[in-house]
Amino acid sequence: MTKRLNPTVGKGFFFFLNACLLLESSLNSLFHKQASPLQIIFLSLIFHLSTLFAFSFFFPLRSLLFCRSRKKVMAEEETELSDKQKKEIAKWFLLNAPAGEIQYVAKDLKSVLNNDDVYDEAASEAFPVYNKSHMICLEMPGRFGDVLVTSYGELQGNEYLDPKTAQVAIVDHVKQVCTEVRPATDEELPTPYVEEYRCALEAEMLKYVSEAYPKGSCSVYCINGKDVEGPGYDFELVAVISAARLSPQNFCTGSWRSIWNIECKDDIQVLELKGKLQVGAHYFEEGNVQLDAKHECRDSTMFQSPDDGAIAIASLIRHHETEYLASLEASYLNLPDATFKDLRRKLPVTRTLFPWHSTSQFNLTREISKELGIGK
């Protein structure tokens, strides 16, 4: 942005410039009138001194004024963030925290913000979204087991359905604990016909998860057609798997989340599967490395009895997840020879690194002479 010179300083500068021009014209007139050499030298000296004074004084003064004006503008632009902006920034950090590390991020944010109202508002909005997206598993009081906090089991407020036990858990999102449990009502549960399919699939999924995931949980929900009373109508189930391995004391955390939508189409006797898999990992010992991999797949099988259909669906899920895990392992085994090579300068054919710690063994002049054939 262009700055204008101070009017007073500008008038002074042009006054001296006019004086210089006046002196120059006087010098020319005297020269034409055959003035004495002493007069000409004296007037020339005054002319050059006045010009030097104008350029050596007014230009630095102009720069100084510009600098002060620029600092003033910068001070006006550097306004403090509003509480709304601070809240949005805090929410972003909370929502992007790695699996199992949101409490650590929240603790640091609270100390940085130094404003309990802004922090509480950001936490109340970010924690529910984070908990549902990461499908955290919480223990229900009263030895009812665990409940997965997912959008598929969300009822109202902070209530989440656990289909295995037909219980509803009331969750404190910020503290990430289950505070209370109540029995689910008939309206919150599917009909006996749909429940038969759901229970059969859940039994097979629990068997698979216990074998494949050391610390995994799963639930099967009916998200469409839970009022279906018998054959001839379509309904939709969703099976979710959530597993986490959290070891912050060893500077690493990881999580596996998979969502399988099963559309039961009775009219064409087909079960269609749509899977979404997401793997996250964070390693932060002497660095900060994160993995966030996503994968989608589709498959289908025949609509069968509840038990046979559940076995077929669980087999398809096992096949796709095992295949995806194998592809991840293969890609990371090839990282040194494939991916990392594309990120850095290629090694020589000898596959030996340049010995930076002992460069004295090389004579640059000798090597260049040898390569260019100098001195032969």
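Note that the CG atom of Leu109 and the OH atom of Tyr119 stand 7.5 Å from one another [nearest 0.5 Å]. With rounding to the nearest 0.5 angstrom, the CG atom of Asn224 is 10.5 Å from the SG atom of Cys264. For the atom pair CG of Leu138 and CD of Gln176, the computed distance is 7.0 Å after rounding to the nearest 0.5 Å.
More than 12 heavy atoms of other shown residues, nucleotides or ligands fall within 6.0 angstrom of atom CZ in Arg182. Counting non-hydrogen atoms of neighbouring residues, nucleotides and ligands closer than 6.0 angstrom, the CG atom of Asp186 reaches no more than 12 such neighbours. The environment of Arg245 atom CZ is sparse: at most 12 non-hydrogen atoms of other residues, nucleotides or ligands sit within 6.0 angstrom. Crowding of Tyr233 atom OH: a count of heavy atoms from other residues, nucleotides or ligands under 6.0 Å not exceeding 12. Within 6.0 Å of CD on Glu88 lie more than 12 heavy atoms contributed by other residues, nucleotides or ligands. Heavy atoms of other residues, nucleotides or ligands lying less than 6.0 angstrom from CZ of Phe93 number 12 at most.
In this structure, Thr179 contributes its side chain and Ile170 its backbone to a donor-acceptor pair below 3.5 Å. Put simply, the side chain of Glu125 never gets that close to the backbone of Ala122: no donor and acceptor are under 3.5 Å apart.
Using a 4.5 Å cut-off on side-chain heavy atoms (C-beta onward), Leu94 and Tyr130 make no contact. Put simply, the side chain of Val177 does not reach to within 4.5 Å of the side chain of Glu139, judged on heavy atoms.
Ion pair Lys265/Asp267 not flagged as a salt bridge, since none of the NZ, NE, NH1 or NH2 atoms sits closer than 4.0 Å to an Asp/Glu carboxylate oxygen. A salt bridge does not link Glu121 with Lys84: none of the charged nitrogens is closer than 4.0 Å to a carboxylate oxygen.
A donor-acceptor contact closer than 3.5 angstrom links the side chains of Asp292 and Gln278.
For Tyr197 and Phe235, the ring centers sit closer than 6.0 Å to each other.
Hydrophobic clustering of Ile, Leu, Val, Met, Phe, Trp and Tyr side chains at less than 4.5 Å, counting indirect connections, unites Val129 with Ile102. A continuous path of ILVMFWY side-chain contacts below 4.5 Å connects Tyr208 to Tyr324, so both sit in one hydrophobic cluster. Leu277 and Ile313 fall within a single hydrophobic cluster, where Ile, Leu, Val, Met, Phe, Trp and Tyr side chains are chained together by heavy-atom contacts under 4.5 Å.
The aromatic rings of Phe251 and Phe284 stand perpendicular to each other, their planes meeting at an angle above 60°, with 30° marking the opposite boundary.
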Residue pair Glu80, Gln85: steps toward the side-chain contact (heavy atoms from CB on, under 4.5 Å) verdict: CA-CA 10 Å; Glu80 187 179 357; Gln85 290 173 317; over 6 Å; no
